[in-house]
2 protein chains.
Amino acid sequence: MKATPLTVASIVEAAADVADATGFDSVTLSAVARRLGVRSPSLYSHVKDRDALLEGVTVLALTELASRVSVAVAGRAERSALEALADAHRDYARESPGRWDALQRPVGEEAARSAGARDIVALTAAVLRGYPLPESEHVHAVRFIGSTINGYLRIERNGGFAHSRPSADVSWHRIIDALDAALRAWPAPPEGERP
Amino acid sequence: MKATPLTVASIVEAAADVADATGFDSVTLSAVARRLGVRSPSLYSHVKDRDALLEGVTVLALTELASRVSVAVAGRAERSALEALADAHRDYARESPGRWDALQRPVGEEAARSAGARDIVALTAAVLRGYPLPESEHVHAVRFIGSTINGYLRIERNGGFAHSRPSADVSWHRIIDALDAALRAWPAPPEGERP
DNA sequence: GGCAATGCCTAATGGTGTTAGGCATATGAT
DNA sequence: ATCATATGCCTAACACCATTAGGCATTGCC
């Protein structure tokens, strides 16, 4: 008689909603069950354990983020693409803070192999097309961009910029500028790694 | 008859040790009490609650990290200083993973005002002395460096680089190179913010 | 209609954070 | 020296959580 019978997808989505509403740490099986109008042991028919549920949220977030990034960078190049990529991350982190927190956890097998993860890497690499980097440097540049965006958003979210001036918004644009400059002035690879 | 009577410092240190040994998430009042040979309610005479304990670990970690960074960058400049700064972070994250995790949490009042936090910012700013950046850009550059280092270490720690080649170690040096290049080619500030 | 499987349920266990109140030992005053 | 007080850890208790075991009703198939 349930309006919607329990499925792994609906459970994961409920978990993600709980995360956005009350924080990722408060994603408890009880809370998710409550939201679904169900008792917590019932979830175990569909989900192995709490960790598997959180991993599911991670995969969901990767998928959603990949989709946003994909739309954002389409038809753009160079600085415009870089900015769109970064802003897509930032918008997602702001609109779905709980889901975004799910991205900051040890990656399991499922998340590592997920299409979303691969797409985000591929889309980031695509942004590099406009810049004068040898193919062999793309991995490093992708990791560089990812680290900076991720690190900035995390520190901002943790309030690390809240106690100093100027506001985090101002720095955000300067940091995209700096990333852009770094990609243009990308240092030559050392001897052993030149193609 | 206790060898050492309970103090807030000894409790926080025990908590940090638990974090390093078995992970930050497993820093539970019970576990800390066990390690101290004491029952968990006894801790409440010295610590407000679990959150305050974790905040204490954060402050401890900030202090220790500031000390290491301070030693590392002393007597160095430019790329050498930048690399020393980054490596100090990385070494600390590897040797004290639990303590380092304590740095990745919402910063409370105590952590924000702590000497460690201020020192780390100041030391990062000091590294910029060798680079041709106007004073007004230092804030942004400090945030940029911090974001990249932090982001990289977090992703590396979460295994984000484990499923792709080449190894994270190789990229690490390239990313320091890229940071160095970004600081040398630091983009000019926009109209409104020029001194 | 029987029958098995599905899907959620209740009950129970062990771990957690936290509060309330007890009891012994150390400390100070007279 | 004795007594009062305070300190510091204790036990008891509650609510919440993850997880397992086993029950019961509804469903779909023969």
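A, B, ... follow the sequence lines: proteins, then strands. Residue 1 opens every chain.
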Study note, to complete from the structure: By side chain to side chain donor-acceptor pair (under 3.5 Å), A:Trp186 pairs with (sequence neighbours left out) A:Glu137
Check your understanding: Is there a side-chain polar atom (N or O) of A:Ser42 under 4.0 Å from OP1 or OP2 of C:dG7?
Key -> no
Study note, to complete from the structure: Rounded to whole Å, CZ of A:Arg39 lies from P of C:dA11 at a distance of 10 Å
Practice item. Kindly say if A:Ser45 contacts the phosphate of C:dC8, meaning a side-chain N or O under 4.0 Å from OP1 or OP2. Key: no
Practice item. Can you run down the side chain to side chain donor-acceptor pair (under 3.5 Å) pairs that involve residues 55-64 of chain A, sequence neighbours left out, and say none if there aren't any? Key: A:Glu55-A:Arg105, A:Thr58-A:Arg105, A:Glu64-A:Tyr92, A:Glu64-A:Arg99
Check your understanding: Tell me the side chain to side chain donor-acceptor pair (under 3.5 Å) pairs involving residues 110-128 of chain A, sequence neighbours left out?
Key -> A:Glu109-A:Arg113
Exercise for review: Starting at atom CG of A:Leu6, determine the distance to atom P of C:dG7, rounded to an integer number of angstrom.
Suggested key: 10 Å
Review point. What is the distance from CG of A:Leu43 to C1' of D:dC17, rounded to the nearest Å?
Key: 13 Å
Check your understanding: Quantified as the angle between the terminal helix axes (five pairs each), what is the overall bend of the helix from C:dG1-D:dC30 to C:dT30-D:dA1 to 10 degrees?
Key -> 10°
Practice item. List in chain and number order the residues that pass side chain to side chain donor-acceptor pair (under 3.5 Å) with A:Arg68, two or more places apart in sequence or in another chain; answer none if no residue qualifies. Key: A:Glu95
Exercise for review: Provide, to the nearest angstrom, the distance between the NE2 atom belonging to A:His46 and the P atom belonging to C:dG7.
Suggested key: 6 Å
Check your understanding: Who passes salt bridge (charged side-chain N to carboxylate O under 4.0 Å, His left out) against A:Asp169, sequence neighbours left out?
Key -> A:Arg90, A:Arg94
**Study point:** Selection residues 32-50 of chain B - residue pairs positive for side chain to side chain donor-acceptor pair (under 3.5 Å), sequence neighbours left out
**Key:** none
Filtered N/O pairs between nucleotides 16-18 of chain C and protein, under 3.5 Å:
residue, atom, partner, partner atom, Å
C:dT16, O3', B:Thr28, OG1, 2.8
C:dG17, OP1, B:Thr28, OG1, 2.8
C:dG17, OP1, B:Leu29, N, 2.8
C:dG17, OP2, B:Thr28, OG1, 2.7
C:dG17, OP2, B:Leu29, N, 3.2
C:dG17, OP2, B:Ser30, N, 3.2
C:dG17, OP2, B:Ser30, OG, 3.0
C:dT18, OP2, B:Tyr44, OH, 2.8
C:dT18, OP2, B:Arg50, N, 2.8
C:dT18, O5', B:Tyr44, OH, 3.0

Practice item. Would you tell me whether A:Thr148 and B:Thr148 have side-chain atoms, one donor and one acceptor, within less than 3.5 Å of each other? Key: yes
Point to revise | Distance, rounded to the nearest Å, where A:Leu53 contributes CG and D:dC17 contributes P | key: 14 Å
**Study point:** Residue list, side chain to side chain donor-acceptor pair (under 3.5 Å) with B:Ser26, at least two apart or on another chain
**Key:** B:Thr22
